[in-house]
Amino acid sequence: MTALDHDRIPEIALDWHRAGRGAALATVVETWGSAPRQAGSQLAISGAGDIMGSVSGGCVEGAVVTEALEAMADGVPRLLTFGVSDDSAFAVGLACGGTIRVLVEPVGDGGDRLPPELLEALVAARAERLARGYVVALESWSRRLVEPGQEAAVDARLRSDKSGMEEDGRFIAVQNPPLRLIVVGAVHIAQPLLIMARACGYAPTLIDPRAAFGSAARFPGEQIVEDWPDEAMTALAPDARTAVVTLTHDAKLDDPAILAALDSPCFYLGCLGSTRTHAKRLERLRAAGVTEAAIARIHAPVGLDIGAKTPAEIAVSVLAQITLTLRRGA
């Protein structure tokens, strides 16, 4: 298992199906109370009972696997409701119970099964970093993939990054591209920031043309790009699921990356530096023709003001601000 297998649930289910092992996808469609997993959380189950992912944090997985194996045998999807008691919830680290509804879909041809070609199209879109809404009518079991711009309800859920039920009885599963973090400057703060970002589900990339700074010894296992920042940013093509952070304090390195980020739809741009440093930065940007609306997108000095002092604490403040911007648009 790789570190990212828990984020590859559709891919793993498709692999199991193609290998002739049988596969089913279980998806949380609705929650009440302190349910441990949000709507859209998934569990893949093979015909041998292998699992990847989670729909409850451990409370109901056993029952879901049993239902999934039966669904693979009879080809009939299930919509399951589980009430997680206070005792069971406490056992998995929750303060109190909750209720979840889980959709179980066997993968296969014919009947009401999840068609392999639809799962293949979903996996292909994910590989190309293309946003999609997976829409299931829970009464008829009709399914389709919806692209951005085709349906208002899907667009709203893609923007909020929140899967869930619609009033008409359809479930919309958000399939947004994975989050990315581009960090410019292989400075000390970047070391804990990349580690923390990866733990929060980001695929981080470090840009620094100074080989001595961006070395594998200092950043083991990280993706390091040694091109000049503007060239690297062009190649990486930040999208609406990308955060950019500049850390070098060097205008020759930070400014080209900032200009490239402002010319992209990245959802966050944060720049390290004191208030005085940022004021000088703004003078350069305005002289380069950057508009006030674009300048307003910059978070600087970077990070939430939590009194951070150490590189790790500053990394915490930066990631917290990225999270706040992603989830609340702040």
Side-chain angles (χ1 to χ4, degrees), residues 1-2 4-31 35-84 88 92 98-127 132-146 163-166 169-176 178:
M1 183 180 89
T2 70
L4 297 179
D5 272 349
H6 64 279
D7 292 326
R8 298 184 60 256
I9 306 306
E11 290 81 357
I12 289 171
L14 182 59
D15 288 344
W16 285 341
H17 170 75
R18 285 173 170 171
R21 300 179 59 190
L25 276 173
T27 307
V28 177
V29 299
E30 207 165 12
T31 67
R37 296 283 279 150
Q38 65 183 359
S41 301
Q42 288 191 311
L43 175 72
I45 307 100
S46 79
D50 302 306
I51 63 172
M52 182 60 66
S54 172
V55 291
S56 75
C59 321
V60 304
E61 264 70 9
V64 171
V65 170
T66 298
E67 293 283 352
L69 293 174
E70 293 180 2
M72 281 183 259
D74 62 27
V76 179
R78 271 97 162 134
L79 187 59
L80 313 173
T81 301
F82 297 98
V84 183
S88 297
V92 294
T99 302
I100 61 174
R101 282 210 296 169
V102 179
L103 170 64
V104 177
E105 299 177 277
V107 180
D109 296 310
D112 293 323
R113 296 176 177 87
L114 169 56
E117 57 270 20
L118 185 58
L119 185 56
E120 289 169 355
L122 173 60
V123 168
R126 286 164 58 91
R132 293 289 185 269
Y134 174 64
V135 183
V136 186
L138 298 183
E139 291 186 0
S140 65
W141 301 120
S142 64
R143 306 170 177 90
R144 60 194 181 100
L145 283 182
V146 179
S163 303
M165 293 293 301
E166 295 293 305
R170 296 178 305 152
F171 171 67
I172 300 177
V174 169
Q175 296 290 343
N176 270 321

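Residue numbers start at 1 and run along the sequence shown. Side chains are part of it too, since the values below use all heavy atoms of this structure and drop only hydrogens, waters and symmetry mates.
Evaluated for a side-chain contact (heavy atoms from CB on, under 4.5 Å) with Leu79, the options Val102, Val104, Leu103 yield exactly one hit, Leu103.
Of the possible donor and acceptor atoms, one in the side chain of Glu61 sits under 3.5 Å from a partner among the backbone N and O of Val55. Here the side chain of Ser163 pairs a donor or acceptor atom with the backbone of Val174 at under 3.5 angstrom. Under the 3.5 Å distance criterion, the side-chain polar atoms of Arg126 are left unmatched by any main-chain donor or acceptor of Pro178.
Under the side chain to side chain contact (heavy atoms under 4.5 Å, CB included) criterion, Arg113 pairs with Pro106, sequence neighbours left out. The salt bridge (charged side-chain N to carboxylate O under 4.0 Å, His left out) check on Arg170 picks up Glu151, Asp168, with sequence neighbours excluded. Take Ser140 and apply the side-chain hydrogen bond (donor to acceptor under 3.5 Å, both in side chains) test, not counting sequence neighbours, and it matches Ser142.
In this structure the side chain of Leu145 never reaches within 4.5 angstrom of the side chain of Gln175, judged on heavy atoms. Put simply, the side chain of Leu14 does not reach to within 4.5 Å of the side chain of Val107, judged on heavy atoms. Side-chain contact check for Val28 versus Gln38: every heavy-atom pair is 4.5 Å or farther apart. By the 4.5 Å heavy-atom criterion applied to side chains, Tyr134 and Thr27 are not counted as neighbours.
Shown here is Glu117, whose CD atom has more than 12 heavy atoms of other residues, nucleotides or ligands within 6.0 Å.
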